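Position 1 is the first residue of the sequence, and the numbers go up from there. In this text the structure is predicted, and so the values were computed from the model without any measurement.
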Amino acid sequence: MTSAKNFKKALTGVELSSSQLAMVRVHYGAPDRRITMSRLAEAVGYKNYRAANLQYGKLGKQIGRFLSEEPDYRNADGSPVWLFMLAEGWKSASSGEWEWQMWPELAQALEELNLVG
């Protein structure tokens, strides 16, 4: 995973939409910085997790492309799962939903850039 320094470069080098910034802030503020896409979608006003996946994945891709990095985790077709640029993810045994825990380096970069309260 990338360093806080590289996350800072990326966050200042890519154009964050207002919804992406809202999502990052909600994720940062979640207990243990861990959240499902359903909860994230609800918190920022999306109808369902698909919209949150799309927007958050786009942000992960923007950051990855800016840094010339790709996450190790892949879809069945071999394409990168860009959310892994922002967080570690796993499927919850209890809910069946994916849970995402923000990388500590991303959290540190957000703090140092004063993007979170």
Side-chain angles (χ1 to χ4, degrees):
M1 182 36 41
T2 198
S3 67
K5 182 179 177 181
N6 282 343
F7 271 124
K8 281 175 67 174
K9 285 181 195 174
L11 288 167
T12 56
V14 301
E15 192 171 324
L16 289 171
S17 71
S18 59
S19 62
Q20 288 170 333
L21 183 56
M23 293 172 76
V24 166
R25 287 177 170 157
V26 168
H27 194 177
Y28 176 89
D32 295 323
R33 295 191 176 72
R34 191 166 67 181
I35 198 165
T36 65
M37 284 296 113
S38 294
R39 283 186 283 154
L40 192 56
E42 182 181 333
V44 298
Y46 288 135
K47 282 186 174 184
N48 58 46
Y49 75 91
R50 288 183 184 94
N53 271 347
L54 177 65
Q55 287 303 314
Y56 222 33
K58 281 184 178 182
L59 176 58
K61 187 174 184 176
Q62 286 174 274
I63 288 173
R65 295 283 191 223
F66 184 88
L67 296 173
S68 299
E69 293 182 19
E70 285 190 355
D72 293 331
Y73 196 89
R74 304 283 170 169
N75 289 304
D77 66 3
S79 63
V81 178
W82 291 106
L83 273 167
F84 279 89
M85 286 300 300
L86 308 173
E88 180 179 17
W90 60 89
K91 198 165 192 174
S92 169
S94 59
S95 71
E97 283 193 79
W98 277 78
E99 292 197 34
W100 297 94
Q101 187 164 25
M102 182 180 282
W103 296 116
E105 297 84 356
L106 175 55
Q108 180 183 340
L110 293 167
E111 292 165 2
E112 290 176 8
L113 291 170
N114 296 314
L115 291 174
V116 290

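Scanning all heavy atoms of the two residues, the minimum distance from Ala52 to Met23 falls at O-CE, 3.3 Å. Taking both residues in full, the closest heavy atoms of His27 and Leu40 are given as N-CD1, 4.1 Å, listed atom of the first, atom of the second, then distance. The two residues Gln101 and Asp32 make their nearest non-hydrogen contact at NE2-O, 2.9 Å. Of all heavy-atom pairs between Glu105 and Ser3, the closest is CB-C, 3.9 Å. Listed here is the closest heavy atom pair of Met102 and Tyr56: CE-OH, 4.0 Å.
Other residues, nucleotides and ligands contribute over 12 non-hydrogen atoms within 6.0 Å of the CZ atom of Arg74. Residue Gln20 qualifies as enclosed at atom CD: its count of foreign heavy atoms under 6.0 Å is above 12.
Of the options Lys9, Lys5, Lys8, a salt bridge (charged side-chain N to carboxylate O under 4.0 Å, His left out) to Glu112 is made by Lys8 and by none of the others.
The same ILVMFWY cluster, assembled from side-chain heavy atoms under 4.5 Å apart, contains both Leu113 and Ile63. Clustering ILVMFWY residues whenever any of their side-chain heavy atoms sit less than 4.5 angstrom apart, transitively, puts Tyr73 in the very cluster that holds Trp103.
When side chains are defined from C-beta on, Val44 does not count as touching Gln55, because their heavy atoms never get closer than 4.5 Å. Annotation: side chain of Leu106 is in contact with side chain of Leu11 (closest heavy-atom distance under 4.5 Å).
In this structure Tyr28 satisfies the ring pair (Phe, Tyr, Trp, His ring centres under 6.0 Å) test with no other residue, sequence neighbours excluded.
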Quiz item: Given Ser38 and Thr36, is the side chain to side chain donor-acceptor pair (under 3.5 Å) satisfied, shown in steps?
Solution: CA-CA 5 Å; Ser38 294; Thr36 65; 4.7 Å; no

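Once rounded to the nearest 0.5 Å, the distance linking CZ of Arg39 with OG of Ser95 reads 8.0 Å. To the nearest 0.5 Å, atoms OG1 (Thr12) and CZ (Phe66) are separated by 6.0 Å. Atoms CG and CZ, on Leu67 and Phe7 in that order, are 7.5 Å from each other to the nearest 0.5 Å. Taking CE from Met37 and CD from Glu42, the interatomic distance works out to 13.5 Å, rounded to the nearest 0.5 Å. Taking CZ of Arg34 as the reference point, atom CH2 of Trp90 lies at 5.0 Å (rounded to 0.5 Å).
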Can you give each donor-acceptor pair under 3.5 Å made by side-chain atoms of residues 79-86, sequence neighbours left out, with the distance rounded to 0.1 Å?
residue	atom	partner	partner atom	Å
Ser79	OG	Asn75	ND2	2.9
Ser79	OG	Asp77	OD1	2.6

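A donor-acceptor contact shorter than 3.5 Å is absent between the side chain of Arg33 and the backbone of Pro104. Glu97 contributes no side-chain N or O that, together with a main-chain N or O of Ser92, makes up a donor-acceptor pair within less than 3.5 Å.
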